[in-house]
J.: 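Attaching a single structure in structure tokens format; questions to follow.
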Amino acid sequence: MTETLKQAKPENTVPFGFEDVDRTAKAGLVRGVFDRSARRYDLMNDLMSLGVHRAWKDMVMTRANPQPGERLLDVAGGTGDLARSFLTKADRAGKRRASPRQAEAIVLDINEQMLRAGIKRGVEPAQAGRIQWVTGNAECLPLASHCVDCVTISTGIRNVTDRAAALADMRRVLKPGGRFLCLEFSRPTSRGWGKLYDAWSFNVMPELGEHVARDRASYQYLVESIRRFPDQDSFAGELRQAGFRQVSYTNFSGGIAALHTGWA
Ligand code: SAM
């Protein structure tokens, strides 16, 4: 990686944790991180967030308000948490309205190991055959334009090399009026809370990575990459730039994460 750093011109570099790497190298480096963490990903998520990521994801899906017959694309979907929740909530809505229509979901991820971990975890019988697991890059989605009702991306966008391209492509695949929801780690809203969060993430998370996943480096990357991601208002500006309408955000857990939403 050091060689890559030496040769790269500043305009060709992108952040990878606290380092700047050649933009052509980032996707491979990110893939390596998730190749190594896929097996223990769900367990580590629960440990590092003390289970709070489940509440965040539930709030994302409550806002998404899934309906029977709808189709979700979950980009950087990893092991499929959001897709399962989308189908569960859509089925509940269908029961209330006695609708026979079934929702479906596509989980797209650049990393096959993450998708395999999700497939291995399985789905409830009622969801069998309704989730498609697709390998692909958020920057050039292998989908037709205007083919999904809802696009989600949860703690994935900061790993993408060309964010503008990914946002534009996620908007492209949404039907007119379709909704976009992005959950990402963000900036704590108070200094005291930020200090506590820094202490937890710089000390505890890499330690957990080392002892539970036997991989300190990947979890160090995770913590660093969060610090290099734009703050709430800057990222909302990127969404507007990509053409999303009625962009807004909601802080979760005092700004540790934020849910950004917009309409196609
Ligand atoms: N969305 C899942 C969740 O919330 O549990 C997984 C989040 S995990 C922190 C980030 C995911 O982004 C990984 O599965 C990784 O493979 C995926 N990823 C990174 N870069 C990507 C890209 N350019 N296109 C698609 N997926 C990508």
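We're numbering straight along the sequence, starting at 1. For ligands, and for the atoms within them, numbers begin at 1 and follow the listed sequence.
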J.: Please check if atom CD in Gln241 has more than 12 non-hydrogen atoms from other residues, nucleotides or ligands closer than 6.0 Å.
T.: no
J.: Within the 4.5 Å heavy-atom criterion, are Phe185 and Phe229 side-chain neighbours or not?
T.: no
J.: Nearest protein heavy-atom contact for atom 24 (N) of ligand 1: which residue, which atom, what distance?
T.: Ala138 N, 2.9 Å
J.: Are Asn45 and ligand 1 in contact, using a heavy-atom cut-off of under 4.0 Å?
T.: yes
J.: With a 4.5 Å cut-off on side-chain heavy atoms, are Arg171 and Phe180 touching?
T.: no
J.: Using a strict cut-off of 4.0 Å, indicate which atoms of ligand 1 neighbour a heavy atom of Met114.
T.: 14 (O)
J.: Report, in ascending order of atom number, the atoms of ligand 1 lying under 4.0 Å from any heavy atom of Gly77.
T.: 1 (N), 2 (C)
J.: Side chain, backbone, both or neither: which applies to Val30 and ligand 1 if a contact is any heavy-atom pair less than 4.0 Å apart?
T.: side chain
J.: Hey, what do you get for CD (Glu70) to CG (Asn65), rounding to the nearest 0.5 Å?
T.: 7.5 Å
J.: Counting both backbone and side chain atoms, is some N or O of Ser154 under 3.5 Å from an N or O of ligand 1?
T.: yes
J.: Is the shortest side-chain N to carboxylate O distance from Arg130 to Asp91 below 4.0 Å?
T.: yes
J.: Identify which of Leu222, Asn111, Thr155, Asn137 has a heavy atom lying nearest to atom 22 (C) of ligand 1.
T.: Asn137
J.: Thinking salt bridges, do Arg116 and Asp109 make one under a 4.0 Å N-O criterion?
T.: no
J.: Output yes when the distance from some N or O of ligand 1 to some N or O of Tyr41 is under 3.5 Å, and no in every other case.
T.: yes
J.: Between ligand 1 and Ala27, can you find any atom pair, the residue atom being a heavy atom, that is separated by under 4.0 Å?
T.: no
J.: Applying a strict under-4.5 Å side-chain criterion to I, L, V, M, F, W and Y, I'd like to know whether Ile226 and Val30 cluster together.
T.: no
J.: Report the nearest protein non-hydrogen atom to atom 18 (N) of ligand 1: residue, atom name, distance rounded to 0.1 Å.
T.: Ile110 CG2, 3.7 Å
J.: Is there a heavy atom of Gly80 sitting under 4.0 angstrom from any atom of ligand 1?
T.: no
J.: Specify side chain, backbone, both or neither for Lys57, according to which of its non-hydrogen atoms lie closer than 4.0 Å to ligand 1.
T.: side chain
J.: Should Val75 be listed as contacting ligand 1, given a heavy-atom distance under 4.0 Å as the test?
T.: no
J.: Could you check whether Arg71 pairs with Glu104 (Lys NZ or Arg NE/NH1/NH2 to Asp/Glu carboxylate O, under 4.0 Å)?
T.: yes
J.: Identify the closest protein heavy atom to atom 12 (O) of ligand 1: which residue and atom is it, and at what distance?
T.: Ala76 CB, 3.3 Å
J.: Just wondering, do Arg163 and Glu139 contact through their side chains at under 4.5 Å, heavy atoms?
T.: no
J.: Mind checking whether Ile153 contacts ligand 1 via backbone (N, CA, C, O), side chain (CB onward), both or neither, at a 4.0 Å heavy-atom cut-off?
T.: neither
J.: Indicate yes or no: does an N/O atom of Arg158 lie under 3.5 Å from an N/O atom of ligand 1?
T.: no
J.: Hey, which atoms in ligand 1 end up nearer than 4.0 Å to a heavy atom of Gly78?
T.: 6 (C), 14 (O)
J.: State whether Lys195 and Asp198 are salt-bridged, where the test is any N-O pair (Lys NZ or Arg NE/NH1/NH2 against Asp/Glu carboxylate O) under 4.0 Å.
T.: no
J.: How far is atom 14 (O) of ligand 1 from its nearest protein heavy atom, and which residue and atom is that?
T.: Asp109 OD2, 2.6 Å
J.: Quick one: which ligand 1 atoms are inside 4.0 Å of a heavy atom on Gly136?
T.: 24 (N), 25 (C)
J.: Give yes or no for whether the N/O distance cutoff of 3.5 Å, strictly under, is met between Phe34 and ligand 1.
T.: no
J.: Are Leu174 and Phe244 packed together at the side-chain level, in the sense that at least one heavy-atom pair is separated by less than 4.5 angstrom?
T.: yes
J.: If you compare all heavy atoms of Ser85 against all heavy atoms of Met61, which two are closest, and at what distance to 0.1 Å?
T.: OG-CG, 3.2 Å
